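Since the structure is predicted, the reported quantities are computational estimates derived from the model, not experimental observations. Each chain gets a letter, A, B and so on, in the order the sequences are listed, and its residues count up from 1.
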Amino acid sequence: MTVRLYDSATRETTDLVPVVPGQVSIYHCGLTVQGPPHLGHIRKEVVFDVLRRWLERAGYEVTIIANVTDVDDKIIAKGREQGRPWYAVAYENERALHAAYEVLGCTAPTYEPRATGHVPEMIEMMQTLIERGHAYAADDGSGDVYFDVRSWPAYGALSNQKVDEMQAAEDAPPEGKRDPRDFALWKGSKAGEPETASWPTPWGRGRPGWHLECSAMAAKYLGHEFDIHGGGLDLRFPHHENELAQSSAAGQAFARRWMHNAMLNLGGAKMSKSVGNTLSVSEVVKRFPAIAVRYYLLAAHYRSVIEYSEEALAETAVAVERITGFVTRAAELVGPGEPGEVPAEFAAAMDDDLAVPAALAILNGSVTRGNGQLATGGPELAATLAEVRGMLDVLGVDPLSPVWVARGGASGADAALDSLIGDLLDQRATARADKDFAAADRVRDQLTAAGIEIEDTPHGPRWTVKGQ
RNA sequence: GGUGGGUUGGCCGAGAGGCGAGGCAACGGACUGCAAAUCCGUGUACACGGGUUCAAAUCCCGUACCCACCUCCA
């Protein structure tokens, strides 16, 4: 089987052919840690986590690098507002990002380099670009270093734009720029900025420009040519366009393909701090089970916009309960087993540019079949369970995975509860055998009132704590 | 002004020339002492107006509306 992916540079879906056979190297733009991650940020993490899982299933060894932009204007401003060092702000939000990975079951990237740790690599790259005539230090004494857009004819290739048709930036005064579209590789430090937020260079003290850091770190950890560069669609221009220009102008082959995930909208607009329509991961996870939130984010195709709605998320939670319900019931009967091989149609869907919606249709079919086998149990059920767990494992929503099981914090209390409820269910069984249904229902009502749901199965009654 | 993407049944959400993806909700049935859970069944949806074709949600032309990017942004 061949994994095929859409390349947003060429706008075509093509076979994934890695630079190094058997290995896939991925760089995706992480966060500028100026605040805790919102649902839109984490959608990207979930998308690339599913990609990684699928590539690993396909037998590839996957390396993922995601940068952490830990210094920029907003982080510095926030530190000033809050009366603490800018790096304390950055670090706190970096930890919040890691907490979000964890709560949604995302495996952390192979490595997350920080911008501030890669200044020498950036200086080296700027020197190369200056020598090659594609960059220049501003002659206004600002310490800024700019990329010379006019010197690179391919500029605009990624976003399919022509330099002359672009609107020039109006906000930034073009002081030291030769062309208004030139972008900063390096930002000279300004008066009043903390000393800790600047690093020495041949052009004066300053700090990394956002675009350059990604080029420098991608090259350092993945080499001059790697397989996939990813990120949110909003980064395609200017950020990714600029990265591509810098790296290729510096003589590097850079990314073989580009993968952009669509945005998560709230109230008809992209979720973003500047619009103010954000929903933090930590808040959403308080209202809905984390596994349902993850499922919600991955259930739509990664290139489709998700218009966030609480109702849709609530519906998703119900759909997830049907799936997890099957897995837990089946596991009680035949044992959990291990995640197994996925059906061919599921694999075909995933191979086709991660067609998760089509893959979920196959998953649901297997769950329906499995639910039908629940009455009899046996090897057929065990096989269906393995197949379902295999599919859920690819998507990172296998309820029996340690990632989700550990949540409850199993303790002696569970055993005690099971014993107590077991006694009550025995009383109910006796009452039912005597056809004393009023007494039987009283027991069930009592348990329901305590948040315990009872269902009678061909193998006897089972209980669950409501909402878990 | 430029570059992309979108509009699918009550809701979510795939598909991209020809057999009604899938889920949620609803209704009917089976199972149950009654429930719950589960299973089975029930829907002729593709923004609008033209056109191409034996056949269009899917291709072409036009119109309307929406989103993203061209500025920090996953």
Problem - Distance below 4.0 Å between A:Lys270 side-chain N/O and B:C69 OP1 or OP2 - result: yes
Handout entry: Touch class at under 4.0 angstrom, heavy-atom based, for A:Ser274 against every strand present
Key = base
Practice task
Verify whether one side chain among A:Asn364 and A:Ser366 offers a donor that lies under 3.5 Å from an acceptor in the other.
Solution key: no
Exercise for the section: Check every strand shown and say whether A:Arg303 touches a base, only sugar-phosphate, or nothing at a heavy-atom separation below 4.0 Å. Expected result: nothing
Practice task
Between B:A26 and B:U3, how far apart are the C1' atoms? Round to whole Å, please.
Solution key: 44 Å
Practice task
Give a yes/no on whether any side-chain N or O of A:Thr32 is located under 4.0 angstrom from OP1 or OP2 of B:A74.
Solution key: yes
Completion exercise
Testing B:A74, B:G4, B:C34 for proximity to the side chain of A:Lys273, the answer is B:A74
Problem - A:Glu165 (side chain) and B:G1 (base): donor-acceptor pair under 3.5 Å - result: no
Practice task
For the residue pair A:Tyr146 and A:Asp144, confirm or rule out a side-chain donor-acceptor distance under 3.5 Å.
Solution key: yes
Exercise for the section: Quote, to the nearest angstrom, the C1' distance that separates B:G13 from B:C46. Expected result: 13 Å
Exercise for the section: Assess whether one donor atom and one acceptor atom, taken from the side chain of A:Arg369 and the base of B:C39, lie less than 3.5 Å apart. Expected result: no
Problem - Selected nucleotide, minimal atom distance to A:His301 side chain, candidates B:A74, B:C70, B:A14 - result: B:A14
Exercise for the section: State yes or no: are the ring centers of A:His260 and A:His240 separated by less than 6.0 Å? Expected result: yes
Practice task
Identify which nucleotide among B:C34, B:U3, B:C39 has an atom closest to any side-chain atom of A:Arg444, counting heavy atoms from C-beta outward.
Solution key: B:C34
Practice task
Just call it for A:Asn261: base, sugar-phosphate, or nothing, with non-hydrogen atoms closer than 4.0 Å on any strand.
Solution key: base
Handout entry: Distance in angstrom units between A:Ile454 CD1 and B:A37 C1', rounded
Key = 12 Å
Problem - Basic-acidic side-chain contact under 4.0 Å: A:Glu380, A:Arg369 - result: no
Problem - Closest to side chain of A:Met271, choosing from B:A74, B:C34, B:G23 - result: B:A74
Practice task
Decide, yes or no, whether a salt bridge links A:Lys177 with A:Asp140 under the criterion of side-chain N to carboxylate O below 4.0 Å.
Solution key: no
Problem - Spacing of the C1' atoms in B:U7 and B:C12 (rounded, Å) - result: 15 Å
Problem - Spacing between A:Leu374 atom CG and B:A30 atom P, to the nearest angstrom - result: 22 Å
Exercise for the section: For B:C27 and B:G43, measure between their C1' atoms and round to the nearest Å. Expected result: 11 Å
Handout entry: Spacing between A:Gln373 atom CD and B:C39 atom P, to the nearest angstrom
Key = 12 Å
Practice task
Identify, between A:Ser304 and A:His41, the residue whose nearest nucleotide on RNA chain B lies closer to the 5' end.
Solution key: A:Ser304
Exercise for the section: Answer with yes or no after comparing the ring centroid distance for A:Phe226 and A:Phe254 against a 6.0 Å cut-off, counting only values under it. Expected result: yes
Handout entry: Residues A:Tyr111, A:Tyr221; criterion ring pair (Phe, Tyr, Trp, His ring centres under 6.0 Å); working and verdict
Key = CA-CA 9 Å; A:Tyr111 185 53; A:Tyr221 297 103; 5.2 Å; yes
Practice task
Taking only the side-chain heavy atoms of A:Ala319 (C-beta and beyond), determine which of B:C70, B:A14, B:G23 contains the nearest atom.
Solution key: B:G23
Problem - Nucleotide B:U7, atom P - distance to CG of A:Asn265 in whole Å - result: 14 Å
Handout entry: B:A21 to B:U8 separation - C1' atoms, rounded to the nearest Å
Key = 12 Å
Handout entry: Distance, C1' atom - from B:G4 to B:U44, rounded to whole angstrom
Key = 34 Å
Practice task
Using atom CZ of A:Phe437 as one end and atom C1' of B:G33 as the other, report the distance to the nearest whole Å.
Solution key: 3 Å
Practice task
Record whether the side chain of A:Asp441 comes under 3.5 Å of the base of B:G33 through a donor-acceptor pair of N or O atoms.
Solution key: yes
Handout entry: Atom pair distance, as rounded to whole Å: CG in A:Leu298 and C1' in B:A14
Key = 14 Å
Practice task
To the nearest Å, give me how far apart OH (A:Tyr6) and P (B:A16) are.
Solution key: 14 Å
Handout entry: Within 45° cone and under 6.0 Å: A:Arg11 NZ/CZ vs A:Tyr6 ring
Key = no
Exercise for the section: Return the nearest nucleotide to the side chain of A:Pro238; candidates are B:A74, B:C34, B:C70. Expected result: B:C70
Problem - Same-atom distance (P) from B:U42 to B:G5, integer angstrom - result: 38 Å
Handout entry: Base B:A68 paired with A:Arg236 side chain (donor-acceptor, <3.5 Å)
Key = no
Exercise for the section: Give a yes or no on whether a donor-acceptor pair under 3.5 Å exists between the nucleobase atoms of B:A35, that is its base, and the side chain of A:Asp456. Expected result: yes
Handout entry: Along RNA chain B (nearest heavy atom to each residue), the more 5'-positioned of A:Asp234 and A:Ala299
Key = A:Ala299
Handout entry: Rounded distance in Å - CG (A:Leu233) to P (B:G6)
Key = 12 Å
Problem - Proximity to the side chain of A:Asn160 - top-ranked nucleotide from B:C70, B:U3, B:A74 - result: B:U3
Handout entry: Pairwise P distance, B:C65 and B:A74 [rounded to whole Å]
Key = 31 Å
